[in-house]
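Everything on this sheet refers to the single structure shown next.
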Amino acid sequence: MAADEPLGARPVASGRRECFGGPLSEAPAFFILFCIGLSLYLDTFIHSSPVSAAASLSLTAALILFITERPVKGWLPVFILVIAVSGLFSLYSLYIINKKIILPDSIETSGMVLSSRRWGRGRALLIATPCGKFAGYVPDKGAPAEGSGVALRGALFDFRSAAKPGGFDEGLYWRARGAVKRIIFFEIRETGAPFGPAAWRAKLERLIDERLLPLSASYMAAFTVGRREPPAEALHRRAGTSHLLAVSGLHIWIIAGFFMFLIRGNLSRFLVISFLLWGYLLLSGMPAGGVRAALMAELFLAAMVLGRPSSAFNNVSTAAALLLLVNPWYFFDLGWRLSVLCALFIAASAPFIRGGICRAVCLTVLLWFVTAPLVTRAFGEAPLAGLALNAAAVPAFGVIFPLVLILSLPPLFGMPFSWIAAGCSETILLFFQRGLEWGFSVITGAVGWDAPLFALSVALFAAAAALRCGAELKRASIIAAIFVLFLFYCPSML
């Protein structure tokens, strides 16, 4: 084999489609992400950081060796580097997860409200203080505004765990958002006017409510500030299209693609799109899925500036691994899991499916099966309508999202004849909702969590990832079977 071939690359057999190189040339970051995620998963029932790290590192090394058929010159140093980085990152993540937080039972301090969201009949606050971030609940009336300074006094408690497997876990939810304790307020009062990104988000939210028609306001609030209105959210949940309301990879790539079409020059694209994406994410509250997609977009744009090839599969893995280093608790967040799982599966399987329409339909159907166990575990069921509706709704949303954003600008800025733009936006969204309602009225029913669906999901994802890393079909099938058996054997499942 020639010395200048990629690490672990194999010659292409006659009559076969072009195959990928070895795992360390195709997606080294995927194995680092795999090791970090596996160590966090194993630690949930092993409860020993060294053992979890050692086990995940051993399995990662075994996976690389199994996929690599014929190592080439220079393979060993890269293998050692990937394993060393995987081990260090895994140990660091486990340290952060298991780090004991020692705080007094009660506290009196000052801070700033980072977020304020509707929570039942009241509001849930995330407050940054010198002692760390706290989460607390207050009545809706008189709740401090986002971005405002506050003085607070209260008692600190550990977060409540899920009442049943798969139920809402308050601790995992808030730890993924940076909170270290739950606070029950004895007193909280505003001491300073709102400022910073949180204040801009609150001002934009008020403008949306005041100047847009109801349907447009509902969708614009979801698209921009991350607020989901119950009627729209309930409709999309029944249709299996809830992901359209979450600020995630789809929204990020629509914005990036739109401005890539308008702007010429790779450096200009990088600077302008980077500014717009991170400004958009600051307004929307920096959701994990959106940040992951923005990091992936930055890697793609940077590769264009440098004139280097870019791998979507490796970029997704890199972005996800970086997020886990910043906050390992993201691993347990449903939004992060769904975002990374979808992006990895699309990047892994898309090269093997030919044809634009065929690829879109096949990926939509396969993604439903891949994500269904996570959805049913969290919400109890996954609508069957999502199988068909997403194939039409996602492409349609690629047009509707920028249209609604553009048509909402005249009313938000108080421009003349803005009622025309507002009416057009409302009409577009009304037709979109009618289409969704018709779809889930025709395709009724839903599935709950069950073992065969879980096994199929794991097998599909594992096989796609193994093939994208350069494994032959036979070896990819073996890897998929091993992971299905492994996850069924473990005391807890994803």
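Computed from a predicted model, the values in this text were never measured in an experiment.
- If you take CZ on Arg292 and OG on Ser317, they are separated by 10.5 Å, rounding to the nearest 0.5 Å.
- Pairing each heavy atom of Leu126 with each of Arg177, the nearest pair is CD2-O, 3.5 Å.
- In this structure, Arg434 fails the cation-pi test against Phe432, since its NZ or CZ atom is not both closer than 6.0 Å to the six-membered ring centre and inside 45 degrees of the ring normal.
- Residues that satisfy the salt bridge (Lys or Arg N to Asp or Glu O under 4.0 Å) test with Glu205, not counting sequence neighbours, are Arg227.
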Derivation of the ring pair (Phe, Tyr, Trp, His ring centres under 6.0 Å) call for Phe223 and Phe397: CA-CA 12 Å; Phe223 296 163; Phe397 187 77; 5.4 Å; yes
Verdict with reasoning, Asp450 to Thr376, per side chain to side chain contact (heavy atoms under 4.5 Å, CB included): CA-CA 9 Å; Asp450 59 22; Thr376 54; over 6 Å; no
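- Put simply, the side chain of Ser274 gets close to the backbone of Phe270: a donor and an acceptor are under 3.5 Å apart.
- Between the CG atom in Leu215 and the CG atom in Leu429 there is a gap of 5.0 Å [rounded to 0.5 Å].
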Working for side chain to side chain contact (heavy atoms under 4.5 Å, CB included), residues Leu283 and Trp278: CA-CA 9 Å; Leu283 276 178; Trp278 293 108; over 6 Å; no
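- Counted by atom type alone, Ser161 and Glu170 present zero donor-acceptor pairs between their side chains at under 3.5 Å.
- Contact detail for Ser284 and Val247: the closest heavy-atom pair is OG-CG1, 3.9 Å.
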Stepwise side chain to side chain contact (heavy atoms under 4.5 Å, CB included) test for Tyr330 and Arg337: CA-CA 8 Å; Tyr330 276 140; Arg337 286 187 177 186; over 6 Å; no
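- No side-chain donor from either of Glu381 and Trp449 sits under 3.5 Å from a side-chain acceptor of the other.
- Judged by distance alone, the side chains of Thr241 and His236 do bring a donor and an acceptor atom under 3.5 Å apart.
- A distance-only check finds no donor-acceptor pair linking the side chain of Arg182 to the backbone of Ala135 [under 3.5 Å].
- Taking CG of Leu344 as the reference point, atom OG of Ser339 lies at 9.0 Å (rounded to 0.5 Å).
- A donor-acceptor contact closer than 3.5 angstrom links the side chains of Tyr219 and Gln433.
- Checking side-chain atoms of Ser39 against main-chain N and O of Ile36 turns up a donor-acceptor pair under 3.5 Å.
- Here the straight-line distance linking atom CG of Leu114 with atom CG of Leu125 works out to 10.0 Å at 0.5 Å rounding.
- Side-chain atoms of Asn266 never come within 3.5 Å of backbone atoms of Leu301 as a donor-acceptor pair (strictly under, hydrogens ignored).
- A salt bridge is absent between Asp333 and Arg175; no separation between the charged side-chain nitrogens and carboxylate oxygens falls under 4.0 Å.
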Side chain to side chain donor-acceptor pair (under 3.5 Å) between Glu233 and Ser242, intermediate numbers included: CA-CA 7 Å; Glu233 187 172 17; Ser242 296; over 6 Å; no
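- The distance from atom CG of Asn315 to atom CG of Leu299, rounded to the nearest 0.5 Å, is 4.5 Å.
- The aromatic rings of Trp174 and Tyr137 stand perpendicular to each other, their planes meeting at an angle above 60°, with 30° marking the opposite boundary.
- The closest donor-acceptor contact from the side chain of Ser148 to the backbone of Pro144 lies at 3.5 Å or more, if one exists at all.
- Atom CH2 of Trp119 sits in a crowded spot, with more than 12 heavy atoms from other residues, nucleotides or ligands closer than 6.0 Å.
- For Glu146 and Ser116, the side-chain atoms include no donor-acceptor pair closer than 3.5 Å.
- At distances below 3.5 Å, at least one donor-acceptor pair connects side-chain atoms of Asn390 with backbone N or O atoms of Gly386.
- A donor-acceptor pair under 3.5 Å is formed between the side chain of Ser349 and the backbone N or O of Phe345.
- Between Phe483 and the choices Phe461, Tyr41, Phe34, the ring-ring contact (aromatic ring centres under 6.0 Å, His included) rule is met once, by Phe34.
- Smallest separation of non-hydrogen atoms from Ala232 and Ser218: CB-OG, 3.4 Å.
- Taking all atoms of both residues into account, the shortest heavy-atom contact from Ala464 to Ala348 is O-CB, 3.6 Å.
- If you take CD1 on Ile273 and CE on Met304, they are separated by 8.0 Å, rounding to the nearest 0.5 Å.
- Salt-bridge annotation for Lys181 and Asp158: present, with a side-chain N of the basic residue lying under 4.0 Å from a carboxylate O of the acidic one.
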Intermediate values then yes/no, side chain to side chain contact (heavy atoms under 4.5 Å, CB included), Ile443 and Leu387: CA-CA 9 Å; Ile443 308 172; Leu387 269 170; over 6 Å; no
